[in-house]
Amino acid sequence: EGEATARAIRLARLVGVPLYVVHVMSEDALKQVAEARVMGQRVIGEPVASGLSLHEDVLWGANWTQAAQYVMSPPIRGSQHRKALKQALAGGVL
């Protein structure tokens with residue numbers, strides 16, 4: 001996710017257009033958005049509610065039917081990602 005976000009940011013810079021990144025779910029993608037904004041590029045990152053509230057443990061439960069309900073793309077990440085996303089949202093980065 002971080003690499004794909006970085007590529008999209010580079011392409012937007014090359015073409016000279018703003019970029020709106022949806023479904024930011026990882027700390028890596030968040031860092032790419034933040035770095036581009038610091039450099040003056042017009043980039044907006046939008047987190048997903050599930051990335052702010054759910055933990056990846058739900059994907060590894062013994063009940064496959066229940067765990068399958070949480071499969072999405074990009075996937076739900078661990079707590080360090082969730083914490084970074086919340087801080088970025090509160091700080092105006094996302």
Side-chain angles (χ1 to χ4, degrees):
E1 180 182 349
E3 181 181 341
T5 302
R7 287 181 183 187
I9 289 170
R10 282 194 305 271
L11 286 171
R13 184 182 324 123
L14 179 68
V15 178
V17 297
L19 180 66
Y20 190 87
V21 183
V22 298
H23 298 190
V24 176
M25 295 274 281
S26 74
E27 193 171 6
D28 297 337
L30 160 63
K31 286 179 181 178
Q32 296 297 327
V33 170
E35 288 174 11
R37 290 175 60 122
V38 167
M39 300 297 290
Q41 191 170 351
R42 292 177 53 201
V43 178
I44 296 172
E46 179 185 289
V48 180
S50 57
L52 299 168
S53 60
L54 297 177
H55 189 275
E56 68 179 346
D57 289 347
V58 296
L59 297 170
W60 306 108
N63 182 337
W64 185 88
T65 304
Q66 184 180 10
Q69 295 174 14
Y70 296 96
V71 173
M72 60 185 68
S73 182
I76 298 169
R77 309 287 183 179
S79 61
Q80 77 277 8
H81 296 278
R82 186 175 68 247
K83 186 175 183 177
L85 289 171
K86 285 181 178 181
Q87 288 175 344
L89 187 60
V93 176
L94 294 179

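One is the number of the first residue; the rest follow in order along the sequence.
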K.L.:
Work out which heavy atom in A6 is nearest to a heavy atom in Q32; give both atom names and the distance.
P.N.:
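Looks like CB-OE1, 3.3 Å.
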
K.L.:
Going by the side chain to side chain donor-acceptor pair (under 3.5 Å) test, which pairs reach into residues 37-53, not counting sequence neighbours?
P.N.:
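Only R13-Q41, Y20-E46 qualify under side chain to side chain donor-acceptor pair (under 3.5 Å).
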
K.L.:
Does a side-chain N-to-carboxylate-O contact under 4.0 Å join E35 and K31?
P.N.:
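Salt bridge absent between E35 and K31.
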
K.L.:
Which heavy atom in S26 sits nearest to a heavy atom in G2, and how many Å separate them?
P.N.:
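S26 and G2 have their closest heavy atoms at OG-N, 4.3 Å.
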
K.L.:
By salt bridge (charged side-chain N to carboxylate O under 4.0 Å, His left out), which residues pair with E1, not counting sequence neighbours?
P.N.:
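Partners of E1 under the salt bridge (charged side-chain N to carboxylate O under 4.0 Å, His left out) test: R77.
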
K.L.:
Which atom pairs, one a donor and one an acceptor, fall under 3.5 Å between side chains of residues 58-72 and the rest of the protein, sequence neighbours left out?
P.N.:
from	atom 1	to	atom 2	distance (Å)
N63	OD1	T65	N	3.1
N63	OD1	Q66	N	3.1

K.L.:
Say you draw a straight line from OG of S79 to CG of L54; how long is it, rounded to the nearest 0.5 Å?
P.N.:
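Rounded to the nearest 0.5 Å, the OG-CG separation comes out at 13.0 Å.
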
K.L.:
Which ILVMFWY residues can you reach from V21 by hopping between side chains whose heavy atoms are under 4.5 Å apart?
P.N.:
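ILVMFWY cluster around V21 also holds I9, L19, V24, L30, V33, V43, L52, L85, L89, V93, L94.
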
K.L.:
About how many Å separate OG of S73 and CE of M25, when rounded to the nearest 0.5 Å?
P.N.:
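Nearest 0.5 Å value for the CE-OG distance: 9.0 Å.
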
K.L.:
Residues two or more places apart in sequence or in another chain: which of them pass side chain to side chain donor-acceptor pair (under 3.5 Å) with Q80?
P.N.:
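With neighbours one apart ignored, the set is empty.
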
K.L.:
Among pairs that include at least one residue of residues 81-94, which meet salt bridge (Lys or Arg N to Asp or Glu O under 4.0 Å), considering only residues two or more places apart or in two chains?
P.N.:
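Qualifying pairs, neighbours excluded: none.
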
K.L.:
Output the rest of the hydrophobic cluster of L11: all Ile, Leu, Val, Met, Phe, Trp and Tyr residues reachable through side-chain heavy-atom contacts under 4.5 Å, sorted by chain and number.
P.N.:
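Members alongside L11: none; it stands by itself.
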
K.L.:
What residues, two or more places apart in sequence or in another chain, satisfy side-chain contact (heavy atoms from CB on, under 4.5 Å) together with V17?
P.N.:
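Applying side-chain contact (heavy atoms from CB on, under 4.5 Å) to V17 gives A12, V15.
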
